[in-house]
Asks: 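Dropping the structure in here first, questions after.
So you know, we letter chains A, B, ... as the sequences are listed, proteins then strands, and number each from 1. Computed from heavy atoms alone, side chains included, the values below leave out hydrogens, waters and symmetry copies.
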There are 2 protein chains.
Amino acid sequence: MLKISKKADYALMALQHIATVQSGDVTPGRVVNTKEIAEEYNIPLELLAKVLQTLAKNALIESHNGPKGGYLLARRAHQITIAQILESIEGPLGITDCSHEKNGEFCMQRENCHIRTPLLKVQDSIAQLLNNMTLQDMMGGTPLITIQSPTAQGVER
Amino acid sequence: MLKISKKADYALMALQHIATVQSGDVTPGRVVNTKEIAEEYNIPLELLAKVLQTLAKNALIESHNGPKGGYLLARRAHQITIAQILESIEGPLGITDCSHEKNGEFCMQRENCHIRTPLLKVQDSIAQLLNNMTLQDMMGGTPLITIQSPTAQGVER
DNA sequence: ATAGTCTCCGATCAATAAGGTCGGATTAAG
DNA sequence: CTTAATCCGACCTTATTGATCGGAGACTAT
């Protein structure tokens, strides 16, 4: 439950990759093309292309056409939040159907619904969480402050 | 994005209703049948029945057969967490596909995936959130500490 | 200037999950 | 024993997601 889509997953991977190449590499500022990312992470090329296009449309990355073209970050990594990335791909955050109802348009249960308010609080907490984490926090040598119990480590093979 | 399913939504409404009837009513301890809930909240009867059956199977509520039968809470409201309810209906919490991979079964991107660890942290934070909120917190006269800006109120018609 | 990449965009298809339905078996109160 | 309720499992329909295809346009290296 509460799963994020594959597209959003791909978006995170791609942005993380672009950010890493752009900042720490031997060739800083170099553009990254779709194919490179697709091959690196085994993502279907065409699908990834669509994802990157969407991200470009939402001004998270900039595209450069032609040979030796590709994408690069529109802002610095610490200025791009996870929430912005996810919302670019999946639309606005909403725990329930009634999260962003337009005026006068209510769900069938609205009359007697007692769970709306507490659920909106949950949603808001999640939104805060995603807004406080940036692309920078996902980059290579910067592991996050772990919340998980220390004993739960060492799962990597 | 990150939407919870309608079934889970229905489960929350139903449990909130049962909890309210059971504690604060003129007839405390009375059982509540499916039809009563379905009509109160305009939920398709058959679908709600399935949801309640699932909840019963997961020992969140107890079922009583026969005429004058119905459901009642298996534990007290403050001992039932939102996480338990949601997981009963939608299965274990998992932000990504690779959240609960069985041994040796990895996703295509696993090799070079740099976003898994930070995403698991996000997931853990959400899990904490949902585990710290109980059914009691959703009940009638107990509005939650509001996080939303006070000016965003008065949306009710 | 031109050729060759590369991005861009729309339409389309398949697979999966969600939402919702149906019929009959089982149980217990009256 | 009859009735009304839960219970159980199979089924269908629709929406969403994941993935694919074909071509048009843009840009740069040569």
Asks: In terms of side-chain heavy atoms of A:T34, which of C:dT7, C:dA18, D:dA19 is nearest?
Replies: C:dT7
Asks: Go through the side-chain N and O atoms of A:Q84 and A:S88 and say whether any donor and acceptor fall under 3.5 Å apart.
Replies: no
Asks: Over how many whole Å does the gap from A:E62 atom CD to C:dT7 atom C1' extend?
Replies: 14 Å
Asks: Rounding to an integer number of Å, can you tell me how far B:L45 CG sits from C:dG23 P?
Replies: 14 Å
Asks: Can you tell me if A:S5 touches the phosphate of D:dG18, counting only side-chain N or O atoms and a distance under 4.0 Å to OP1 or OP2?
Replies: yes
Asks: Let me know, please, whether B:G66 or B:E90 comes out on the 5' side of the other along DNA chain C by nearest nucleotide.
Replies: B:E90
Asks: Return the minimal non-hydrogen interatomic distance between A:N33 and A:G69, and the atom names on each side.
Replies: CB-O, 3.7 Å
Asks: Rounded to whole angstroms, how far apart are CG on B:L48 and C1' on D:dT6?
Replies: 12 Å
Asks: Please report, to 0.1 Å, the donor-acceptor pairs under 3.5 Å made by any side chain of residues 45-60 of chain B, with sequence neighbours excluded.
Replies:
residue: B:Q53; atom: NE2; partner: B:A49; partner atom: O; Å: 3.4
residue: B:T54; atom: OG1; partner: B:K50; partner atom: O; Å: 3.0

Asks: Considering only C:dG20, D:dG18, C:dT7, which nucleotide approaches the side chain of A:L47 most closely?
Replies: D:dG18
Asks: Can you tell me how far P of C:dG19 sits from OH of B:Y10, to the nearest Å?
Replies: 8 Å
Asks: Among C:dC6, C:dG30, D:dA19, which nucleotide sits nearest the side chain of A:K6?
Replies: D:dA19
Asks: When the distance from CD1 of A:I18 to P of C:dT7 is rounded to whole Å, what number comes out?
Replies: 11 Å
Asks: Measure CD1/A:I37 against C1'/C:dT7 and give the value in whole Å, please.
Replies: 13 Å
Asks: Would A:L119 and A:R116 count as a side chain to side chain contact (heavy atoms under 4.5 Å, CB included) if you check the C-alpha gap in whole Å, the side-chain angles of each, and the deciding distance to 0.1 Å?
Replies: CA-CA 5 Å; A:L119 279 186; A:R116 185 179 148 92; 5.9 Å; no
Asks: Name the pairs: protein N/O against N/O of nucleotides 8-13 of chain C, kept only if under 3.5 Å.
Replies:
residue: C:dC8; atom: OP1; partner: A:S63; partner atom: OG; Å: 2.1
residue: C:dC8; atom: OP2; partner: A:Y71; partner atom: OH; Å: 2.3

Asks: Is the count of non-hydrogen atoms from other residues, nucleotides or ligands lying under 6.0 Å from B:R76 atom CZ greater than 12?
Replies: no
Asks: Taking NZ from B:K3 and C1' from D:dA15, how many angstroms apart are they, rounded to a whole number?
Replies: 10 Å
Asks: Would B:V31 and B:V21 show up in the same hydrophobic cluster when neighbours are defined by side-chain heavy atoms closer than 4.5 Å?
Replies: no
Asks: From the set D:dA19, D:dA4, C:dG19, return the single nucleotide nearest to any side-chain atom of B:P67.
Replies: D:dA4
Asks: If you only use heavy atoms from C-beta on, which nucleotide in C:dG19, C:dC6, D:dT20 is closest to the side chain of B:K7?
Replies: C:dG19
Asks: Between A:I61 (CD1) and C:dT7 (P), how many Å, whole number?
Replies: 10 Å
Asks: Might you point out which heavy atoms bring B:Q16 and B:M139 nearest each other, and give the distance in Å?
Replies: NE2-CA, 3.9 Å
